[in-house]
Each structure stands twice: as structure tokens, then as C-alpha cells.
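Inspection log for the structure reproduced underneath, given as C-alpha cells.
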Amino acid sequence: MDQLSAHLDRGWDLAQKGDAAGASACAKRALEIDPQSPEVHNLLGYTSALSGESDEALEHYRQAIALDETYLEAMLNAAEVLMHPLGEWDEAVDLCDDALEYAETKEEMADCLLLRVDALLGKGDVEEAKKCMARLPDPPFENGSYVFLIGRAYYELGETEKAAPFIEEAVRTDPTHADAYYYLGLLRDDAGDTRGAVEAFLRSRALDMTKPPPAWAPSPDAFAQLVRRVIQSLDALLARWVRDADIYIVDVPGAELVVDGVDPRAMVILDARTPEEAAAAGLGDTGGLQARLFIYQRNVERGAGSVAALESELTAGLEREITAVFLDRDSPTPPEKHQLN
């Protein structure tokens, strides 16, 4: 094995283990050997994305494609970054279309089409996404991961009957697949199987907790500072409900909350009573709003996908939560029980 290949292989091995710094160091050593290697720029893009540097990752992927216009893997990696966290859905769709021209195997076609479905859903084009799913090659595939990806795509398209056998198969074949258990919980919840949903959600939560935080994740203190900054910058109409709240930051919702019906991947929970509600509950005159705000750091990080998107993701989560708890309650048909995110 030549030196360039050795650095690339070592870099990908470290990247798959989540070691962004180690993988980046290998990629940079490879770049010194051959700065015109598309494979090197693809690895540099991947390590940048792993570190939360989305713009830098996209730059490297584009360089890899410029060096090799048929480089399917770099196209798909670039499309993923364009979707999450950048939200450039149209550009991602176009890139998936470009990649499809070079797809040869069933797996390569499935990669392109499934990413294209995600991008179309991101831009809200459900009908075109369904047409795209219809072009998917028939299973089986050599890699079992496609079973879950197809099931998830069908679920996101609202086709739960088609999704169910794929999600159930994904759980059977990989009992450590946190995402598969999460979608199994969603399917069971939709079907009215509350106990089955809770069991699947608890399993998903347990598996989520075994995973390390992303390489770019801020320290607890830095994340707490971000939370305070986001709350201070909220619209005044929303901020007044949480400005004086007691704030608690933990990784994920507790198991007891999941049993009570809370989404294990909720980002924010606001537990609050107005003075009138406190009095009605027999708590007497509390002198004002009683509010507790729970922020789940790992779930916010999952939703953000990069350090640059943390603030906007947390802001959106807080706005949804405050609106659901305080503002939507005045609607003509408020929800029976507030379920979060």
C-alpha cells in the first residue's frame, strides 16, 4: 500500500469512529502528498462536516467534484451537507440528479434517490418525492442499511403501511439501531399501540445515550451560555413567559417522562402554571408565573447538525414550545395534552 492510500484508509477509519481531529490530520498529510487528489478532498470534506464546519466541508466536496466530475460519493456527501444543516434544498436536488447520471449499481441508485426524496421533502414537494420513491430499485440490497432508509422515507411521506415492514425488519436485523426503534415507536403510536410505542421509544432513548456527543458539541457551560443568550434574544411576546423560568439542562428526557408520553427526542419542555392555574390547583397565591424550562442538549445537537446551527435550532424549538404551551391554549380547540416536539 502506498503512503497516500495508507493516510486515506487511516483517515476514514478514524472518521467512522467519530475522531474528526485524527481523521483531519490524516487527510492533511495526504493532501501534502497529492493536493490534486479528489479522494483527499472528499475525506477533508467529511472530516470538516464531522467537526460542524459545513461551509468548509462543501468547499472540499466541490473541489473533489471539480477534480473528478464523475465522483458520485463526493456528490452525495455534498448533497447531505446542503440539506443538513444548510437547508439548500433545490441545490441538493440538482446535485442528486447529477449523481444519478453516474449511478451504476442498485445501491448507488438507491443512495441518489433516497437523498433526493429527503431534499424534496425538505422543500415541501411531497408529490414529487412520492414519484421519486417509485423509481427506487426493488430490494434486496447488499447493504442492510437500505431497509431502514426506505422505511423512514415512506414514513416521512405519510405512507405508514408501506413503512411498517421495512422499519420492523430494520429492528430485527439490527437491535442497536436507535433510529429504527424511534420510527418503530412513531409507527406504533400512530396505530394506537401506546404501550408498544413507549417500549420502542425507551429502547431508542437507551441506545441514543450510548453514543458519544458530536465532535463539535459545546461544553455544558458553553451550551448553558448559549441557552441564556437565545432566551434573551427571543421576541418580547414569547420571552416574557420564560424570562424568569428555572432552567435545567440535561442530555435527554428522563425515562419516566417517556413513559408519560413525552418524545424521547424532544429538545425543549416548558412546565408552567399561570397564577390562576396555580390557584385552581390549590397552590395558593404564587405571586406570578411558575415556570420550569428543560433543555435537552443532545437532542438540540441532533436537530442542529452543526455548531453553527445550534442557536437557530434552539430558538425554533423554544418558539414552538412557548407557543404550544401558552399561546395555542387560547385557540378554540386546544390539545388535550401537550406533547412536545
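All values below were derived from every heavy atom in this structure, side-chain atoms included, with hydrogens, water molecules and symmetry-related copies excluded.
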Verify same cluster id: Y71, Y102 (apolar side-chain graph, 4.5 Å) | no
Side-chain touch F223/I249, heavy atoms, less than 4.5 angstrom | yes
Would you sort out whether I295 and Y248 count as a side-chain contact (heavy atoms from CB on, under 4.5 Å), showing the intermediate values?
-> CA-CA 6 Å; I295 309 288; Y248 302 93; over 6 Å; no
Does the side chain of P253 reach to within under 4.5 Å of the side chain of P264, using non-hydrogen atoms?
-> no
If you take all heavy atoms of G52 and W216, which pair is closest and at what distance?
-> N-CD1, 3.5 Å
Spacing of CG belonging to L187 relative to CD belonging to E168, to within rounding of 0.5 Å | 7.5 Å
Mark yes when over 12 heavy atoms from residues, nucleotides or ligands other than K17 sit less than 6.0 Å from its NZ; otherwise mark no.
-> no
Taking H41 for its side chain and P35 for its backbone only, find out whether a donor-acceptor pair lies under 3.5 Å.
-> yes
Output for pair (I322 CD1, L234 CG), nearest 0.5 Å, gives 5.0 Å
Centroid-centroid distance, F148 to F166, less than 6.0 Å = no
Would a distance-only check, ignoring hydrogens and angles, find a side-chain to backbone donor-acceptor pair under 3.5 Å from K123 to V93?
-> no
Side-chain contact test, heavy atoms from C-beta onward, threshold under 4.5 Å: evaluate it for E313 versus L310 and give yes or no.
-> no
For the pair V242 and L318, evaluate side-chain contact (heavy atoms from CB on, under 4.5 Å) and give the outcome as yes or no after the intermediate values.
-> CA-CA 9 Å; V242 295; L318 280 167; 5.5 Å; no
When you measure from the side chain of E56 to the backbone N and O of S48, does any donor-acceptor pair fall under 3.5 Å?
-> no
Tell me yes or no: between the side chains of N42 and Y61, is some donor less than 3.5 Å from an acceptor?
-> no
Closest contact, heavy atoms only, F201 versus G185 = CZ-C, 3.4 Å
Salt bridge flag under 4.0 Å for residues D179 and R152 = no
Can the ring centres of H84 and W89 be said to be less than 6.0 Å apart?
-> yes
Nearest heavy-atom pair of L120 and C132: which atoms, and what distance?
-> CD1-CB, 4.2 Å
H7 and K28, any side-chain heavy atoms less than 4.5 Å apart = no
Heavy-atom distance under 4.5 Å between the side chains of Y181 and L207, does that happen here?
-> yes
Contact check, side chains of L257 and I269, non-hydrogen atoms, under 4.5 Å | yes
Can you get from L50 to V81 by hopping between Ile, Leu, Val, Met, Phe, Trp and Tyr side chains that sit under 4.5 Å apart?
-> no
Side-chain touch L293/I231, heavy atoms, less than 4.5 angstrom = yes
Would you find a donor on one side and an acceptor on the other, under 3.5 Å apart, between the side chain of T160 and the backbone of A163?
-> no
Could you walk me through whether K130 and Y154 pass the side-chain contact (heavy atoms from CB on, under 4.5 Å) test, one step at a time?
-> CA-CA 9 Å; K130 289 181 178 180; Y154 276 130; over 6 Å; no
CD of E159: more than 12 outside heavy atoms within 6.0 angstrom?
-> yes
Got D68 and Q36 here, is their nearest side-chain heavy-atom distance under 4.5 Å?
-> no
Mind running side-chain contact (heavy atoms from CB on, under 4.5 Å) on C112 and L72 for me, showing each step along the way?
-> CA-CA 9 Å; C112 297; L72 184 83; 3.8 Å; yes
Strictly by modelled atom types, are E156 and Y183 linked by a side-chain donor-acceptor pair under 3.5 Å?
-> yes
So, S219 versus D221: side-chain donor-acceptor pair below 3.5 Å or not?
-> no
Is the backbone of A266 close enough, under 3.5 Å, to the side chain of N299 for a donor and an acceptor to pair up by distance?
-> yes
Going by an N to O cut-off under 4.0 Å, is there a salt bridge joining R203 and E199?
-> no
For G196, does its backbone N or O pair with a side-chain atom of R188 as donor and acceptor, under 3.5 Å?
-> yes
Using a distance-only test with no angle check, is there a side-chain donor-acceptor pair under 3.5 angstrom linking S37 and E39?
-> yes
Cluster check I33, L31: I/L/V/M/F/W/Y, side chain < 4.5 angstrom = yes
Would L113 and L76 show up in the same hydrophobic cluster when neighbours are defined by side-chain heavy atoms closer than 4.5 Å?
-> no
Ion pair R302/D208, N-O distance below 4.0 Å = yes
Does the side chain of D263 pick up a donor-acceptor pair with the side chain of Y182 at under 3.5 Å?
-> yes
So CG of D251 and CZ of R205: to nearest 0.5 Å the spacing works out to 9.5 Å
About how many Å separate CG of L237 and CZ of F326, when rounded to the nearest 0.5 Å?
-> 11.5 Å
Might you point out which heavy atoms bring L238 and E319 nearest each other, and give the distance in Å?
-> CD1-CG, 3.7 Å
State the CG-CZ distance between L149 and F141, to the nearest 0.5 angstrom.
-> 10.0 Å
Could you tell me whether E301 and R298 make a salt bridge, using a distance below 4.0 angstrom between a side-chain N and a carboxylate O?
-> yes
Applying the 4.5 Å side-chain criterion to the ILVMFWY set and letting contacts propagate, would L184 and V252 be lumped into a single cluster?
-> no
State whether D97 and R116 are salt-bridged, where the test is any N-O pair (Lys NZ or Arg NE/NH1/NH2 against Asp/Glu carboxylate O) under 4.0 Å.
-> yes
What are the two closest non-hydrogen atoms of C96 and L115, and how far apart are they?
-> SG-CB, 3.7 Å
Going by an N to O cut-off under 4.0 Å, is there a salt bridge joining E59 and R62?
-> no
Answer yes or no: is there a donor N or O on one side and an acceptor on the other, between the side chain of S24 and the main chain of A20, under 3.5 Å?
-> no
Is the NZ atom of K106 crowded by more than 12 outside heavy atoms at less than 6.0 Å?
-> yes
So which heavy atom on P38 is nearest to which on A64, and how close?
-> O-CB, 3.4 Å
Mark yes or no for whether E80, through its side chain, and M75, through its backbone, hold a donor-acceptor pair below 3.5 Å.
-> no
Is a side-chain donor-acceptor pair under 3.5 Å present for E107 with N143?
-> no
Rounding to 0.5 Å, atoms CG (D90) and CG (L95) come to a distance of 12.5 Å
